[in-house]
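Some notes on the structure that comes next.
Lettering follows sequence order; numbering is per chain, from 1. Note that the coordinates shown come from a computational prediction; the quantities given were computed from them, not determined experimentally.
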Protein chains: 2
Amino acid sequence: MPRPRTSETADRIRAAAMALIAEKGVAQASLREIAERVGITKPALYYHFASREELLRGLVQPLVDDMEELLAAAEAAHEEDPQRLLADYFDVTYRHRAITSMVMTDPSVLAHLNLAAAVDGWRRRLTALMYGPEPTLAQRVRATVAIGGLGDCTILDLDAAPTEVRRATLEAAYATLGF
Amino acid sequence: MPRPRTSETADRIRAAAMALIAEKGVAQASLREIAERVGITKPALYYHFASREELLRGLVQPLVDDMEELLAAAEAAHEEDPQRLLADYFDVTYRHRAITSMVMTDPSVLAHLNLAAAVDGWRRRLTALMYGPEPTLAQRVRATVAIGGLGDCTILDLDAAPTEVRRATLEAAYATLGF
DNA sequence: GTCTATAGGCTGATAGAC
DNA sequence: GTCTATCAGCCTATAGAC
């Protein structure tokens with residue numbers, strides 16, 4: 001079933017799926033309703049995506065790819081500066097904040113796509129870069145609070161300029177780390 | 001439809017539902033599978049619960065009740081000590097960590113039970129107690145990181161003594177607040 | 001690329017016997 | 001309190017016409 005690399009309809013389907021999932025969660029976002037919003041019928045979706053799961057996987061892939069690339073680069077460069085690491089992590093989650101928000105609002109996407117372990121791995125790898133390969137309990141807790149809380153802030157509605165939110169969030173997360 | 005105040009079967013149903021939701025998320029926890037685990041048939045559930053929604057609501061109610069009670073008491077006493085407030089908040093979430101974990105793993109329960117606004121209100125009320133009624137952007141961000149990150153820690157598997165996890169978590173959250 | 005029609009399975013929920 | 005039998009409604013997915 002050869003399909004074009006990029007399809008305008010496929011993009012509209014993805015956009016409709018994202019919006020619907022943000023509103024009602026993954027499980028409630030049915031192909032019927034997605035098709036309805038795009039203005040086509042349900043079977044037409046199957047011309048653009050082999051299955052519902054393939055559609056969902058395509059939604060989160062940009063975030064997954066960028067995060068893996070960031071961590072691989074940081075590990076290769078032995079990047080140890082916590083402020084730099086937090087900033088890079090924030091920027092990736094913020095760039096894909098529509099996806100971040102979707103995932104944080106309904107993490108069952110991760111379970112359904114077998115991505116929960118990957119996300120857990122991101123946290124552990126980030127912690128290892130900042131505190132070394134065998135962090136203490138206190139260090140693991142501090143990293144968890146900083147990274148988890150940072151994620152909460154990227155999706156928080158603060159009616160403030162993004163640059164200010166970014167600065168305030170990075171300051172708060174850095175204070176948590178206790179360096 | 002008068003039913004006994006406490007029913008051993010109802011408790012077993014709730015336990016099975018909690019376990020199943022923890023494993024597969026709310027949407028995937030069907031009445032059929034819950035009944036199967038309890039060892040009864042699906043219609044038998046309806047003797048104990050009027051609907052699936054009533055069953056779900058009963059699962060999270062203990063956490064909701066305790067948290068509302070904690071906040072009402074803190075507000076009545078004009079409690080302002082951040083360390084005390086964080087500790088009380090941690091203790092409630094930890095006491096109900098099975099529920100906390102369930103909610104954080106799959107927040108769509110909250111949306112389905114119209115509880116998302118309530119949880120958001122908890123964070124705002126806690127922030128107001130610590131920083132006053134009109135916190136700055138930096139203060140709101142710090143409170144969000146501290147409270148959100150604290151929640152992450154109550155469900156983190158750290159293979160350490162609970163008292164140590166508690167101490168480390170409260171230290172990290174307090175450091176975030178920047179007092 | 002999109003359609004109509006349909007298969008087959010799962011869901012929450014109810015009726016009524018025991 | 002629990003059962004069997006059953007309902008309508010929703011789902012993902014496919015077949016085949018245009």
Side-chain angles (χ1 to χ4, degrees), chain A residues 1-60 102 106 108-114, chain B residues 1-61 102 106 108-115:
Chain A
M1 195 198 297
R3 277 177 260 116
R5 282 163 175 275
T6 67
S7 152
E8 208 244 315
T9 307
D11 286 343
R12 286 171 56 219
I13 293 170
R14 273 187 281 261
M18 284 286 290
L20 201 56
I21 290 171
E23 287 171 31
K24 317 178 26 170
V26 196
Q28 270 63 41
S30 70
L31 297 183
R32 179 190 60 78
E33 202 160 352
I34 293 168
E36 198 170 81
R37 291 206 182 188
V38 178
I40 61 180
T41 60
K42 207 169 39 165
L45 295 178
Y46 283 86
Y47 175 80
H48 300 277
F49 301 94
S51 69
R52 183 176 187 265
E53 176 158 343
E54 189 190 285
L55 167 57
L56 293 183
R57 191 167 290 275
L59 295 182
V60 301
M102 183 185 87
D106 188 351
S108 65
V109 216
L110 300 180
H112 194 257
L113 298 177
N114 292 322
Chain B
M1 194 198 298
R3 277 179 260 113
R5 284 165 175 275
T6 67
S7 151
E8 207 244 315
T9 307
D11 287 342
R12 287 172 55 218
I13 293 170
R14 273 187 282 261
M18 284 286 290
L20 201 56
I21 291 172
E23 287 172 30
K24 316 177 29 171
V26 197
Q28 270 64 40
S30 69
L31 295 184
R32 179 191 59 78
E33 201 161 353
I34 293 168
E36 198 171 82
R37 291 206 182 188
V38 177
I40 60 181
T41 60
K42 203 169 44 162
L45 294 179
Y46 284 86
Y47 175 82
H48 301 277
F49 301 94
S51 67
R52 182 175 187 267
E53 176 158 344
E54 190 191 283
L55 168 57
L56 293 181
R57 192 168 290 275
L59 295 182
V60 302
Q61 205 59 45
M102 182 185 87
D106 188 350
S108 64
V109 217
L110 301 180
H112 194 257
L113 299 177
N114 292 323
L115 279 170

Starting at [atom1] of [X] and ending at [atom2] of [N], how long is that distance when rounded to a whole Å?
X	N	atom1	atom2	answer
B:L45	C:dA13	CG	C1'	11 Å
B:R12	D:dT2	CZ	C1'	12 Å
B:E53	C:dG12	CD	C1'	12 Å
B:I13	C:dG12	CD1	P	14 Å
B:E33	C:dC10	CD	P	11 Å
A:H112	D:dT12	NE2	P	10 Å
A:L56	D:dT12	CG	C1'	12 Å
A:L55	D:dA13	CG	P	10 Å

Rounded to the nearest 0.5 Å, what separates atom CE in B:M102 from atom CG in B:L56?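 If I round to the nearest 0.5 Å, the distance is 7.5 Å.
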Does the side chain of [X] reach to within under 4.5 Å of the side chain of [Y], using non-hydrogen atoms?
X	Y	answer
A:T9	A:Y47	no
A:I21	A:V109	no
A:I34	A:L55	yes

Within less than 4.0 Å of OP1 or OP2 of C:dG1, is there a side-chain N or O belonging to A:Y47?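 So the side chain of A:Y47 is within the cut-off, an N or O lying under 4.0 Å from OP1 or OP2 of C:dG1.
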Phosphate-side-chain proximity, B:R52 and C:dT11, N/O vs OP1/OP2 below 4.0 Å: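 Answer no for this pair, as no side-chain N or O of B:R52 is under 4.0 Å from OP1 or OP2.
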Under a 3.5 Å distance rule, please check whether A:R57 uses its side chain to pair with a backbone N or O of A:L113 as donor and acceptor.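 Indeed, once roles are kept as given, a pair shorter than 3.5 Å links the two residues.
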I'd like to know if the side chain of A:D106 reaches the main chain of B:S108, judged simply by a donor and an acceptor atom lying under 3.5 Å from each other, with no hydrogens or angles considered.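 Not at all, since once roles are kept as given, no pair shorter than 3.5 Å links the two residues.
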With heavy atoms under 4.0 Å as the rule, sort B:T41 into base, sugar-phosphate or nothing.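 Since a base atom lies under 4.0 Å of B:T41, the category is base.
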N/O contacts under 3.5 Å, protein versus nucleotides 14-18 of chain D?
none

Salt bridge (Lys or Arg N to Asp or Glu O under 4.0 Å) pairs, two or more places apart, involving residues 27-39 of chain B: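 For residues 27-39 of chain B, and leaving out neighbouring residues, the salt bridge (Lys or Arg N to Asp or Glu O under 4.0 Å) pairs sorted by first residue read B:E23-B:R37, B:K24-B:E33, B:R32-B:E36.
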Which listed nucleotide (D:dT2, C:dC3, C:dG12) is nearest to the side chain of B:S30?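 From the listed options, C:dG12 comes nearest.
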